[in-house]
Amino acid sequence: MKVVIVGGVAGGATAAARIRRLDERADIVVFERSGYVSYANCGLPYYIGGAINDPSALTLQTPESFFSRFRVDMRVRHEVAAIYPERKTVRVQNLNTGEVFEERYDKLLLSPGAKPTQPRLPGVGLSRVFTLHTVEDTFRIKEYIRRSHPKSAVLAGGGFIGLELAENLRELGMDVSIVQRPRQLMPPFDPDMAAFLHSEARRHGIKLALGRTVEGFAERDGGVDVLLKDEAPLHAHMAVLAIGVTPDTALARDAGLELGLKGSIVVNDRMETSDPDIYAVGDAVQVKHSVTGEDALIPLAGPANKQGRIAADNICGGDSRYLGSQGSSIIKVFDMTAAATGVNETLARKAGLDVDKVILSPMSHAGYYPGGRVMTMKVVFEAGTLRLLGAQIVGREGVDKRIDVLAAAIHAGLRADQLKDLDLAYAPPYSSAKDPVNMAGFMIDNLARGVVKQFHLEDLPALPRDGSVTLLDVRTPAECAMGRLDGFRNIPVDGLRERLGELEPGKPVYVMCQSGLRSYIACRILAGYGFEAFNLSGGYRFYDAVANDRRLIERSAPCGMDQ
């Protein structure tokens with residue numbers, strides 16, 4: 001059996017190694033148009049910033065090492081220009097010599113990946129306008145920085161690559177600005193959770209121009225102007241387009257394969273295309289979102305690796321199935337870690353799901369052990385069924401552990417209230433006896449049982465201020481002096497029982513504290529005395545972070561920058 005693989009990196013290289021492990025006699029050829037067959041794409045920004053110093057650390061395998069270990073014919077700088085399914089060949093050009101030839105296959109695997117989205121904007125090809133997707137892109141940016149010593153950069157796009165590159169350029173001492181058409185960074189997060197990322201970026205000197213549209217680039221005064229719609233341009237020494245990626249599927253289209261979202265390749269759960277002898281994996285394929293069941297594009301390394309293994313199994317006569325992509329992801333933003341899995345509240349509502357959520361602010365480990373840090377968790381679930389839909393966490397330490405537990409729970413089909421039953425490891429330096437994941441489960445169980453009712457930030461503007469309800473803040477007077485919500489009267493929770501006479505019977509009570517814990521206790525006290533009480537989800541801490549972010553975005557200067 002002869003297998004031709006188009007593209008290396010995560011999907012193609014994984015498939016090649018797996019095919020060899022399953023079939024020692026298979027003839028395997030990989031064509032990769034770049035000069036690197038397998039490289040750490042996610043590590044590229046950290047090489048630019050200097051966290052990774054050795055460029056060879058980015059190349060996980062070389063053609064020589066791959067052949068030595070697996071006897072796979074890895075041909076870099078070879079571009080597959082056409083597929084001829086009717087005669088089972090591909091047309092290939094050697095980019096070094098210009099030679100063009102055809103290669104026969106029994107099975108073909110497409111792993112072309114995605115390419116940086118490059119809208120047709122004026123000035124995209126200027127020498128000071130870069131993209132970051134390949135090792136060659138990385139070396140180009142690194143060399144420009146070494147040679148020209150730029151003092152400023154504007155990044156168009158605030159997703160994974162844009163935010164990671166912004167951090168690394170800032171670590172080099174550059175003045176960094178991010179322009180983003182949506183009014184938030186990092187689309188996997190809801191706007192309220194993204195507020196914490198915005199705060200961390202601003203705290204480290206990154207300027208944010210959210211809700212702004214880049215319309216082009218122009219050279220001026222030894223640098224580049226980033227042209228914005230309806231606003232003055234931003235001037236910098238360099239600019240980077242990081243507005244996302246687009247499936248690279250011209251080969252598949254020209255070969256007549258079925259295409260889906262944004263021209264992606266349609267595959268079944270065996271990673272087979274519309275041609276039974278052609279498979280496809282990675283960023284170029286359309287997948288099913290495992291939570292919503294909808295078609296999706298999820299260009300992440302984890303799914304690409306799994307898909308490469310599954311395709312290899314099936315090429316070798318097995319029957320492996322891809323269960324869909326859940327979108328689990330994590331990012332370092334200076335001193336903060338942010339992670340997400342499943343769908344966020346915004347996407348869940350767009351999918352027509354009946355959504356509920358809890359927001360909590362637990363410590364990363366036992367409060368009495370030194371070094372614990374507060375994290376913010378948002379767990380999204382389906383009202384009624386309690387099906388877990390997704391989670392987002394921002395914090396310092398311990399974020400990765402909790403998001404992986406939640407990702408596993410979603411994959412296993414646990415109900416949201418069953419999080420309380422998970423038996424998770426505990427020692428004071430690592431967690432609490434009630435792990436944050438357990439705490440989310442306790443909260444959801446309380447909601448499901450009617451032990452507590454809650455209200456959210458978006459409900460605050462509609463709360464009547466005509467005296468028909470009671471608005472109650474149960475923090476200490478000192479906390480209230482540092483910031484409070486209009487209309488909320490202050491009765492600290494520890495004195496609430498003695499002051500119940502100050503509350504008018506029969507009126508609903510909307511209760512808030514700093515994080516939601518003391519207000520929950522207050523709600524239980526009030527319920528015990530016949531009041532109907534509602535707890536503010538996330539508390540004043542969450543409100544303050546989100547409201548402050550919104551104010552900064554609304555009040556951004558005429559040049560489009562947060563101050």
**Item:** Note: Arg518-Asp494 ion pair, threshold 4.0 Å (strictly below)
**Value:** no
**Request:** State whether Arg202 and Asp549 are salt-bridged, where the test is any N-O pair (Lys NZ or Arg NE/NH1/NH2 against Asp/Glu carboxylate O) under 4.0 Å.
**Result:** yes
**Prompt:** Hey, what do you get for OH (Tyr322) to NZ (Lys288), rounding to the nearest 0.5 Å?
**Reply:** 13.0 Å
**Item:** Test item: Phe381 and Val358 side chains (from C-beta on) under 4.5 Å apart, heavy atoms
**Value:** yes
**Message:** What I'd like to find out is whether the side chain of Pro187 reaches to under 4.5 Å of the side chain of Leu347, using heavy atoms alone.
**Reply:** no
**Item:** Ion pair Asp486/Arg465, N-O distance below 4.0 Å
**Value:** no
**Complete:** Residue set satisfying salt bridge (Lys or Arg N to Asp or Glu O under 4.0 Å) with Glu504, at least two apart, ordered chain then number -> Lys507
**Request:** Would you check, one step at a time, whether the test side-chain contact (heavy atoms from CB on, under 4.5 Å) holds for Leu360 with Leu517?
**Result:** CA-CA 8 Å; Leu360 58 158; Leu517 176 58; over 6 Å; no
**Prompt:** Is the backbone N or O of Lys151 less than 3.5 Å from a side-chain atom of His237, with the two atoms forming a donor-acceptor pair by type?
**Reply:** yes
**Prompt:** When you look at OH of Tyr369, are more than 12 heavy atoms from neighbouring residues, nucleotides or ligands closer to it than 6.0 Å?
**Reply:** no
**Message:** Once ring-ring contact (aromatic ring centres under 6.0 Å, His included) is applied, what residue pairs with a partner in residues 430-484 remain, sequence neighbours excluded?
**Reply:** Phe455-Tyr510
**Request:** Would you check if Arg550 and His198 make a side-chain contact, meaning some heavy-atom pair closer than 4.5 Å?
**Result:** no
**Fill in**
Residues Ala407 and Ser328: closest non-hydrogen pair is CB-OG, 3.6 Å
**Request:** For the pair Arg396 (side chain) and Asp335 (backbone), establish whether a donor and an acceptor sit closer than 3.5 Å, ignoring hydrogens and angles.
**Result:** yes
**Message:** Within the structure provided, determine whether Asn446 and Tyr520 are in side-chain contact (heavy-atom separation under 4.5 Å).
**Reply:** yes
**Asked** So do the side chains of Leu457 and Val546 get within less than 4.5 Å of each other, counting heavy atoms only?
**Response** yes
**Message:** Given 3.5 Å as the limit, does a donor-acceptor pair link the side chain of Asp417 with the main chain of Ile444, or not?
**Reply:** no
**Message:** Distance check, rounded to the nearest 0.5 Å: Arg541 atom CZ versus Leu536 atom CG?
**Reply:** 13.0 Å
**Request:** Locate the shortest heavy-atom distance separating Asp356 from Gln454; write the atom from each residue and the value.
**Result:** OD1-NE2, 3.4 Å
**Asked** What do the steps show when you test Val452 against Leu447 for side-chain contact (heavy atoms from CB on, under 4.5 Å), and what is the final call?
**Response** CA-CA 5 Å; Val452 69; Leu447 289 170; 3.9 Å; yes
**Asked** Taking the side chain from Ser264 and the backbone from Pro247, do they hold a donor-acceptor pair closer than 3.5 Å?
**Response** no
**Message:** What's the separation between atom CG in Leu155 and atom CG in Leu241, rounded to the nearest 0.5 Å?
**Reply:** 10.0 Å
**Asked** Tyr540 versus Glu479: any side-chain heavy-atom pair under 4.5 Å?
**Response** no
**Prompt:** Backbone N or O of Val380 within a donor-acceptor pair of the Asn344 side chain at under 3.5 Å?
**Reply:** no
**Asked** At what distance, to the nearest 0.5 angstrom, does CG of Leu197 lie from CD1 of Ile206?
**Response** 11.0 Å
**Residue pair Ala533 / Cys523: nearest heavy atoms and the distance that separates them** = CB-SG, 3.8 Å
**Message:** Using modelled atom types and a 3.5 Å cut-off, is there a donor and acceptor pairing between side-chain atoms of Gln184 and backbone atoms of Ala194?
**Reply:** no
**Prompt:** Does the side chain of Lys207 reach to within under 4.5 Å of the side chain of Leu234, using non-hydrogen atoms?
**Reply:** no
**Atom NZ of Lys434 with >12 non-hydrogen neighbours under 6.0 angstrom** = no
**Atom CZ of Arg181 with >12 non-hydrogen neighbours under 6.0 angstrom** = no
**Prompt:** Given Val333 and Met186, is the side-chain contact (heavy atoms from CB on, under 4.5 Å) satisfied, shown in steps?
**Reply:** CA-CA 11 Å; Val333 185; Met186 295 298 295; over 6 Å; no
**Request:** Carefully, step by step, assess Leu496 and Leu472 under the rule side-chain contact (heavy atoms from CB on, under 4.5 Å).
**Result:** CA-CA 10 Å; Leu496 180 59; Leu472 183 62; 4.1 Å; yes
**Message:** Determine whether a donor-acceptor pair (N or O, by modelled atom type, separation under 3.5 Å) exists between the side chain of Glu345 and the backbone of Lys357.
**Reply:** no
**Asked** Any side-chain heavy-atom pair from Leu323 and Lys306 closer than 4.5 angstrom?
**Response** no
**Asked** If you look at every heavy atom in Gln180 and Leu185, which pair is closest and at what distance?
**Response** NE2-CA, 4.2 Å
**Message:** So does Ala195 get a backbone contact from the side chain of Ser199, meaning a donor-acceptor N/O pair under 3.5 Å?
**Reply:** no
**Message:** Return the CD to OG1 distance between Gln392 and Thr341, rounded to the nearest 0.5 Å.
**Reply:** 10.0 Å
**Fill in**
On a heavy-atom basis, the closest approach of Leu463 and Phe488 is CD1-CZ, 4.3 Å
**Asked** What are the two closest heavy atoms between His365 and Ser432, and how far apart are they?
**Response** C-OG, 3.6 Å
**Item:** Distance, nearest 0.5 Å, that separates CD of Gln514 from CG of Asp473
**Value:** 8.5 Å
**Prompt:** Near Tyr426 OH, under 6.0 Å, is it more than 12 heavy atoms from other residues, nucleotides or ligands?
**Reply:** yes
**Message:** Quick one: does any side-chain atom of Gln286 pair with a main-chain N or O of Leu261 as donor and acceptor, under 3.5 Å?
**Reply:** yes
**Prompt:** So does Glu200 pair up with Arg203, basic N to acidic O under 4.0 Å?
**Reply:** yes
**Item:** Any donor-acceptor pair under 3.5 Å from Ser364 side chain to Arg373 backbone
**Value:** yes
